[in-house]
Amino acid sequence: MPGLLRGVARTAVVAGTATAVSNRVSRRQGERWASQGQAVYGRPAQYAPEPVPTPPPAAPPPGGTDRIAALKDLAELKAQGVLTEAEFEREKARILAS
């Protein structure tokens with residue numbers, strides 16, 4: 001039994017030491033990477049492409065076809081009972097004013 005206990009104790013010491021060393025190495029490596037990352041990411045990349053400007057949003061088609069579609073959708077919502085009469089009138093006025 002003492003031989004078994006000694007073996008278990010030795011294994012525990014070796015495992016504990018290995019864990020402590022591994023944690024210290026990981027922490028140092030992480031700190032090193034963090035300091036290198038700040039140095040690298042702190043200055044602009046010379047090889048990065050220029051950002052492409054996004055085109056402006058498309059203008060609504062002339063003639064109010066989107067208004068008509070919005071009014072039809074609004075009427076459908078009122079017919080289904082989703083909108084009250086007051087909500088319908090308020091949204092209709094907003095659509096017609098735009």
Side-chain angles (χ1 to χ4, degrees):
M1 192 68 154
L4 179 63
L5 187 57
R6 186 180 311 151
V8 170
R10 183 178 298 154
T11 302
V13 168
V14 169
T17 304
T19 301
V21 170
S22 173
N23 288 341
R24 188 176 318 140
V25 168
S26 293
R27 186 173 50 248
R28 282 185 183 169
Q29 190 66 38
E31 290 169 358
R32 203 174 287 148
W33 286 347
S35 66
Q36 287 176 355
Q38 289 174 354
V40 171
Y41 296 123
R43 55 178 197 243
Q46 296 175 358
Y47 55 85
E50 291 292 320
V52 177
T54 57
T65 56
D66 58 335
R67 277 194 209 171
I68 294 170
L71 288 173
K72 285 181 181 179
D73 292 341
L74 196 62
E76 287 177 22
L77 289 174
K78 182 184 170 205
Q80 294 171 1
V82 175
L83 295 177
T84 63
E85 184 68 32
E87 292 171 331
F88 173 76
E89 291 299 327
R90 184 175 52 237
E91 288 300 312
K92 182 173 89 172
R94 185 186 61 81
I95 292 170
L96 292 175
S98 64

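Note that the structure is predicted; figures quoted are calculated from it, not measured.
For E31, the salt bridge (charged side-chain N to carboxylate O under 4.0 Å, His left out) test picks out no residue, with sequence neighbours left out. Listed by chain and number, the residues in a salt bridge (charged side-chain N to carboxylate O under 4.0 Å, His left out) with E89 are K92 (sequence neighbours excluded).
Minimum interatomic distance between R67 and I95 (heavy atoms only, all atoms of both residues): CD-O, 3.7 Å.
Rounding to the nearest 0.5 Å places CG of D73 at 12.0 Å from CD1 of I68.
In the hydrophobic cluster analysis, where Ile, Leu, Val, Met, Phe, Trp and Tyr join through side-chain heavy atoms closer than 4.5 angstrom, L74 is grouped together with V82.
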